[in-house]
Amino acid sequence: MKYDYKAIEKKWQDIWEEKGVFHALNDYTKPKFYALIEFPYPSGSGLHVGHGRTYTALDIVTRKRRMEGYNVMYPMGWDAFGLPTENYAIQHNIHPAVVTEQNMVKFKKQLKALGLSFDWSREIDTTDPEYYKWTQWIFLKMFEKGLAYKKEMAVNWCTGCRVVLANEEVIGGVCERCSGEVVRKVKSQWMLKITQYAERLINDLDTVDYIERVKAQQIHWIGRSTGAEAEFITTAGDTLTVYTTRPDTLFGATYMVISPEHPYLEKWSGKIKNMDEVRAYQHNAAHKSDFERTEVAKDKTGVRLIGVNAVNPVNDTEIPIFISDYVLMSYGTGAIMAVPGHDERDWEFAQKFGLPIVEVVKGGDVTVAAFTDCDTGLMVNSGFLNGLSVEDAKKKITKLLEETGKGRPKVNYKLRDWIFSRQRYWGEPIPIIICEKCGYVPLKESELPLKLPEVESYKPTENGESPLAALDSWVNVVCPKCGLQAKRETDTMPQWAGSSWYFLRYCDPHNKNAIASREALEYWTPVDWYNGGMEHTTLHLLYSRFWHKFLYDIGAVPTSEPYAKRTSQGMILGENGEKMSKSRGNVVNPDEIINTYGADAVRLYEMFIGDFEKAAPWSSTSIKGCNRFLDRVWALQELKILDGGYSNELESSFHKTIKKVTHDIESLGYNTAIAALMSLINEIYGIKCITKEEFKTFLILLNPFAPHISEEIWEQQGFGGMITSQKWPKYCDEKCKDDVVELAVQVNGKIRARIEISADEPKESVLKLAKNMPELHVHIAGKILAKEIYIPGKLVNFVVK
RNA sequence: GCGGCUAUGGCGGAACUGGCAGACGCGCCAGACUUAGGAUCUGGUUUCGUAAGAAGUGGAGGUUCAAGUCCUCUUAGCCGCACCA
């Protein structure tokens, strides 16, 4: 009888759902396991095979953990606010909520067809007012603590989407989503002070189990650097403060550069003699998009300020000041001391403008290139620093700056505050009222959720306001504080808001009084294992750590980190090795392949496709191998099935396989776990019979990977109960060992023979037996035996001369 | 430029703290069974060589009895960031 996957898979999916087999229990006395995957954005194009890889991986882990006796929570939900839905709504004039609903239904059906063991009783949706009530609540808490603030600032304005983008959404100078040109535009924006948590976001990585590349990328993104601030008196009277990581080179500072946006320029306008030229440069810089600004990065431009100079605080030399757009207002102080001898950018600039280059660290030739090495050279031309190493000079000069009040040690971060406003409809409304008299007034908690109103058009207005701004009845309110006429904030929150805390809501998804009950949070958090894409490392993953830390600080959650463990899967590429995309025409439709091969084969193949952490191209022929394997599993039923426990022939193989599968599932070795099961079945077919115990064990080991077929065979064989409620098999290290082992026999490291011996044969005896093998005679005879090496279970090596 | 990673048969990939390179699967070859097939089963399949044997994990050195694995240098590719002082 052939395996009828279509009927059987549906049958078990329905039974699992009906019986609520995968519901997490609210029994807080059992050991818990909280597995989390990134909840999807329910896009119109439906599930991607890449989703399958992530979800199946943790599905395997959770199915195993349930059999190991854990109370497992593996929840699912929808990260449903976002631009694509809104754009679709605009195009087709359908309410985004309707589009979202349709997409969720489609996704859910696809997920169920894969046999994923999600607990659907905890399903959440970020666009549900009962959910975003708490997103708004967290925002208000941040506002209350001064972490949410409004600021006029130059932002990334996408000319395509007509919306403000976060730095993270600008890729190579263009919009991540529409590839439209991004220009700088000054707008008043809500900001979240993620920078206040920069230090902790770095340091606390030591307390979590994230794969190294995630940690490295976050650390790099936060970009901590240590150095010093130094103050330069100017001839205009003001003090110009700079930040430098090389305070040791202060004697080599031969000029200064300030950003074109530096506020001093306006202040000094009366003293700067070439102000026209300066203004022209400022104008030019402001109208360059970030893209253009980085494009011209190779060639330095700038203007010297005529009429204002600065004085180097260590040698009292008067030095010129320039403006140049290679100095950013948004990092450090917006001003630098230029040390052309030891900084490549300064060197380039100095060359172009004919400025003096002074060597202060010996080791290179500063007339040819900047010498930036900090480890080898000693200080020169630097007064009291002469002869010191760079490291010592840094310490000494920083101490002196501090003592004389001309500077101080300083730590800087590349991380910027998070631009939190979007001028769009399909997002959480920001629950703030703007009153001319009282300023920004938060809504009362009792007024949450502040629901999205119905609007006529979802299009942003031409001047970049949210569509909500056009709705007078919604915008015009009375100030809750003073009772005068006031206006609502019309910006909404970014796509990242709802996902910054969703894992907390799963713990207690229907709670009306809090994000989740204290007991639920105490029990379930932190997430034990979070798997997701590398592309979220510096976005969602960082944002949610920030929110979680904030919630911890106000006592709302019991742990300071949200996720105990983070792993990341590689992408599934198209058959041609390129990224799957509609435009490349290499997209694999999961519905089709489930239809052709069944969910178990798809699950198996997605896990077998390659190293879980690496990208792997899809292969429409390789999946057949997994299909064949399942057919062979099904056909085990036609073998002679004997009563009793493990047979002598297979006992050690079974113990080895249990051990391998048990460990591989925990260490992302899904491909090798499946390979082990394939090897085992090959062995079983070699013997042509199987015992009940062996059959049961095999099915249980296979169950996490191929849940439907294992469940069905279990039932047909009458093994009792459902396979999902069985116990995970145990192995015994003693029994993993073979009685007879084959050793390689080497002479000078080259294999000359093989020998089969009993595993407990003593060393002397093994060496003696090996030495006397006829194959070795040619290689040993007449030579001096210098060394004998015996690695039990592996090899013997004779070193001869 | 900075940070991270990768390189192993025709292909995807195995190889724990250095210890038999190529597990497992695809593909391919041969055979079996067949109301002839893109089904199933059995065997084979790193390369060169009839063979004995030799070579072999991007390249060049090195350490070691022994290197895909460790060290030095180098090449190519991928991902992220990028004038961050």
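Because only heavy atoms are used, hydrogens play no part in the values below, and waters and symmetry mates are left out as well, while side chains stay in. Order of the sequence lines sets the chain letters (A, B, ...), proteins ahead of strands, with each chain counted from 1.
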What pairs of donor and acceptor atoms, side-chain ones from residues 793-801 of chain A against any protein atom, are under 3.5 angstrom apart with sequence neighbours left out?
unit_1, atom_1, unit_2, atom_2, d
A:N797, OD1, A:N748, N, 3.4
A:N797, OD1, A:G749, N, 3.0

Listed pairs under 3.5 Å, donor-acceptor, residues 653-662 of chain A side chains, sequence neighbours left out:
unit_1, atom_1, unit_2, atom_2, d
A:S653, OG, A:E683, OE1, 2.8
A:S653, OG, A:E683, OE2, 3.0
A:H655, ND1, A:C732, N, 3.0
A:K656, NZ, A:D738, OD1, 3.4
A:K656, NZ, A:D738, OD2, 2.9
A:T657, OG1, A:S653, O, 2.7
A:K659, NZ, A:D733, OD1, 2.7
A:K660, NZ, A:D664, OD2, 3.0
A:T662, OG1, A:I658, O, 2.5
A:T662, OG1, A:W728, NE1, 3.0

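Shown here are the ring pair (Phe, Tyr, Trp, His ring centres under 6.0 Å) partners of A:Y605, two or more places apart in sequence or in another chain: A:W618. Residues that satisfy the ring pair (Phe, Tyr, Trp, His ring centres under 6.0 Å) test with A:F353, not counting sequence neighbours, are A:F322, A:F349. Here A:S330 pairs with A:L328, A:R416 under the side-chain contact (heavy atoms from CB on, under 4.5 Å) rule; sequence neighbours left out. By the ring pair (Phe, Tyr, Trp, His ring centres under 6.0 Å) test, A:Y197 is found to be paired with A:F546, residues two or more places apart in sequence or in another chain being considered. The side chain to side chain donor-acceptor pair (under 3.5 Å) test applied to A:T596 returns no partner, not counting sequence neighbours. Looking at residues two or more places apart in sequence or on another chain, you find a side-chain contact (heavy atoms from CB on, under 4.5 Å) between A:D4 and A:K6, A:A7.
Side-chain N/O atoms of A:H536 and A:E38 include a donor and acceptor closer than 3.5 Å. Between the side chains of A:Y326 and A:D346, at least one donor-acceptor pair of N or O atoms lies under 3.5 Å. In this model, no donor atom of one side chain and acceptor atom of the other lie less than 3.5 Å apart for A:N412 and A:S225. There is no side-chain donor-acceptor pair under 3.5 Å between A:N531 and A:T54.
A:E229 has a carboxylate O that lies under 4.0 Å from a charged side-chain N of A:R408, or vice versa, which qualifies the two as a salt bridge.
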Could you list the protein-to-nucleotides 54-56 of chain B atom pairs, N/O on both sides, closer than 3.5 Å?
unit_1, atom_1, unit_2, atom_2, d
B:A55, OP2, A:K750, NZ, 3.4

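Distance A:D664 CG to B:G13 P: 17 Å, rounded to the nearest Å. In this structure, A:E348 places its CD atom 14 Å from C1' of B:A85, rounding to the nearest Å. Between A:M571 atom CE and B:G80 atom C1' the separation is 12 Å, expressed in whole Å. Atom pair A:F798:CZ and B:G19:P shows a separation of 20 Å (rounding to whole Å applied).
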* To do: Treat primed atoms plus P, OP1 and OP2 as sugar-phosphate and everything else as base, then score nucleotides 39-49 of chain B 5' to 3': B for base contact with protein heavy atoms under 4.0 Å, S for sugar-phosphate contact only, - for none.
  => -SS--------
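At the heavy-atom level, A:E788 lies nowhere under 4.0 Å from the strands shown. Among the heavy atoms of the strands lying under 4.0 Å from A:S225 are primed sugar atoms or P, OP1, OP2 only; no base atom is included. Residue contacts for A:I789: at a heavy-atom cut-off of 4.0 Å it reaches a base atom on one of the strands shown. Note on A:A615: only backbone sugar-phosphate atoms sit closer than 4.0 angstrom, heavy atoms only; bases stay farther off. Contacts of A:N671 with the nucleic acid, taken as non-hydrogen atoms under 4.0 Å apart, involve only primed sugar atoms and P, OP1 or OP2. Across all strands, A:I609 comes closer than 4.0 Å only to sugar-phosphate atoms, never to a base (heavy-atom distances).
Taking a pair as Watson-Crick or G-U with both hydrogen-bonding distances under 3.5 Å, the stems of three or more pairs touching RNA chain B are B:1-7 with B:75-81, B:10-12 with B:24-26, B:27-32 with B:40-45, B:46-48 with B:53-55, B:58-62 with B:70-74.
Side-chain to base pairing of A:K414 with B:C81: no donor and acceptor N or O lie closer than 3.5 Å to each other.
Taking the P atoms as reference points, B:A82 lies 23 Å from B:G77, given to the whole Å. Rounded to a whole angstrom, the distance from the P atom of B:C24 to that of B:U72 is 36 Å. With P as the reference atom, B:G59 and B:U75 are 15 Å apart, rounded to whole Å.
RNA chain B is contacted by A:T672, A:A675, A:M678, A:S679 of residues 672-680 of chain A, taking any non-hydrogen atom closer than 4.0 Å.
In this model, the phosphate group of B:G25 is not approached by any side-chain N or O of A:N627 to a distance below 4.0 Å at OP1 or OP2.
The side chain of A:K624 lies closest to B:G27 when the candidates are B:A14, B:G27, B:G80.
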